[in-house]
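Keep in mind that the numbers below use all heavy atoms, side chains included, and drop hydrogens, waters and symmetry copies. Keep in mind that what you see is a predicted model, and the values were worked out from it rather than measured. Just so it is clear: chains get the letters A, B, ... in the order the sequence lines come, proteins before strands, and each one is counted from 1.
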Amino acid sequence: MNYWLMKSEPDVFGIDDLKSRKDQTEPWDGVRNYQARNMMRDDMKKGDQIFFYHSNCDVPGIVGIAEVVREGYPDHTSWDPESKYYDPKSNEENPRWFMVDVKYKKKFKRTISLNELREHAQVLSDLALLRKGNRLSINPVSKDQWDYICGLE
DNA sequence: GCCAACGTTGGC
DNA sequence: GCCAACGTTGGC
């Protein structure tokens, strides 16, 4: 099993939004970055665990856990001209962008903030999230990192 | 709102 | 293939 961290802006779609969705499940659409696409298309498997990260907000940090419930499939918003994620270079015959479905698992009692994670830089030195200039919306997390961060709650 | 870091685009 | 210009991300 693999572990991931996925960023989302709580003003747009936060963990409470995921929890209140039908089946507590949502397609992770709108990702328009090739590295992130490749991870969703090739690497994220059913049952993989996900840290749900809130970005661009008062206290950025990990707020809970989700799970991959459907593996990579074409992101149909990419060929919908009405969608804000529309990409004229993508179409149904030759989809350029992919997504996975994620399901709510739990919300942490408190936010494990980016600042707090930085305080553990000794242990989490390889955490992609903490690397300078990291803007990837999906990051791999090792099992050790996963267990350690879960222990912080 | 600012700005550093990074990705993408397109002319050459 | 280079690189300047531009757009986006995301912390602060």
Side-chain angles (χ1 to χ4, degrees), chain A residues 2-21 26-44 48-68 71-142 145-146 148-153:
Chain A
N2 287 314
Y3 301 89
W4 309 92
L5 179 146
M6 297 175 97
K7 299 177 185 174
S8 189
E9 300 185 21
D11 289 348
V12 179
F13 187 82
I15 192 160
D16 293 329
D17 296 308
L18 180 61
K19 187 178 180 181
S20 63
R21 281 298 190 274
E26 182 78 356
W28 204 267
D29 60 9
V31 172
R32 297 293 178 266
N33 170 282
Y34 288 104
Q35 271 181 272
R37 177 205 67 180
N38 292 348
M39 286 189 264
M40 288 199 291
R41 188 189 57 188
D42 306 331
D43 302 328
M44 297 181 78
D48 283 2
Q49 301 295 110
I50 302 160
F51 281 138
F52 200 112
Y53 180 90
H54 280 176
S55 66
N56 245 319
C57 54
D58 282 353
V59 184
I62 297 168
V63 293
I65 293 174
E67 179 179 323
V68 178
E71 296 177 9
Y73 63 107
D75 180 349
H76 56 79
T77 65
S78 68
W79 58 72
D80 174 7
E82 302 298 311
S83 169
K84 61 177 172 176
Y85 302 126
Y86 177 60
D87 177 354
K89 290 172 181 165
S90 182
N91 57 64
E92 231 168 323
E93 292 71 37
N94 193 12
R96 172 171 297 211
W97 303 110
F98 286 72
M99 59 188 178
V100 297
D101 286 356
V102 307
K103 179 169 185 167
Y104 172 87
K105 292 280 285 186
K106 69 175 283 191
K107 185 177 177 178
F108 288 157
K109 297 181 194 71
R110 62 185 189 86
T111 299
I112 302 173
S113 71
L114 179 60
N115 276 334
E116 180 176 353
L117 291 169
R118 286 208 181 99
E119 291 169 12
H120 299 269
Q122 290 265 10
V123 185
L124 300 174
S125 57
D126 291 330
L127 192 68
L129 179 75
L130 298 182
R131 279 208 290 268
K132 188 180 176 186
N134 167 53
R135 300 186 326 175
L136 255 191
S137 61
I138 304 176
N139 293 323
V141 175
S142 74
Q145 290 164 344
W146 178 273
Y148 184 80
I149 292 169
C150 286
L152 296 176
E153 187 191 354

* Sub-6.0 Å ring centroid separation between A:Trp97 and A:Tyr73 -> no
* Structure fact -> Contact span of DNA chain C against chain A, any nucleotide atom under 4.0 Å from a heavy atom, 5' to 3', runs C:dG7 to C:dC12
* Given DNA chain B, 5'-ward residue of the pair A:Lys132 and A:Arg32, judged by closest heavy atom -> A:Lys132
* Contact class for A:Arg118 vs. all strands (heavy atom < 4.0 Å): base, sugar-phosphate, or nothing? -> sugar-phosphate
* NZ/NE/NH1/NH2 to OD/OE distance under 4.0 Å, A:Arg32 and A:Asp75 -> yes
* Apply side chain to side chain contact (heavy atoms under 4.5 Å, CB included) to A:Asn33 and list each qualifying residue two or more places apart in sequence or on a separate chain. => A:Gln35, A:Ala36, A:Leu136
* Answer yes if the side chains of A:Arg135 and A:Ser55 hold a donor-acceptor pair under 3.5 Å, and no otherwise. => no
* Asked: A:Asn56 or A:Lys89: which one's nearest nucleotide on DNA chain B is closer to the 5' end?
  -> A:Asn56
* Asked: Relative to the ring of A:His120, is the ring of A:Tyr148 parallel (under 30°), tilted (30 to 60°) or perpendicular (over 60°)?
  -> perpendicular
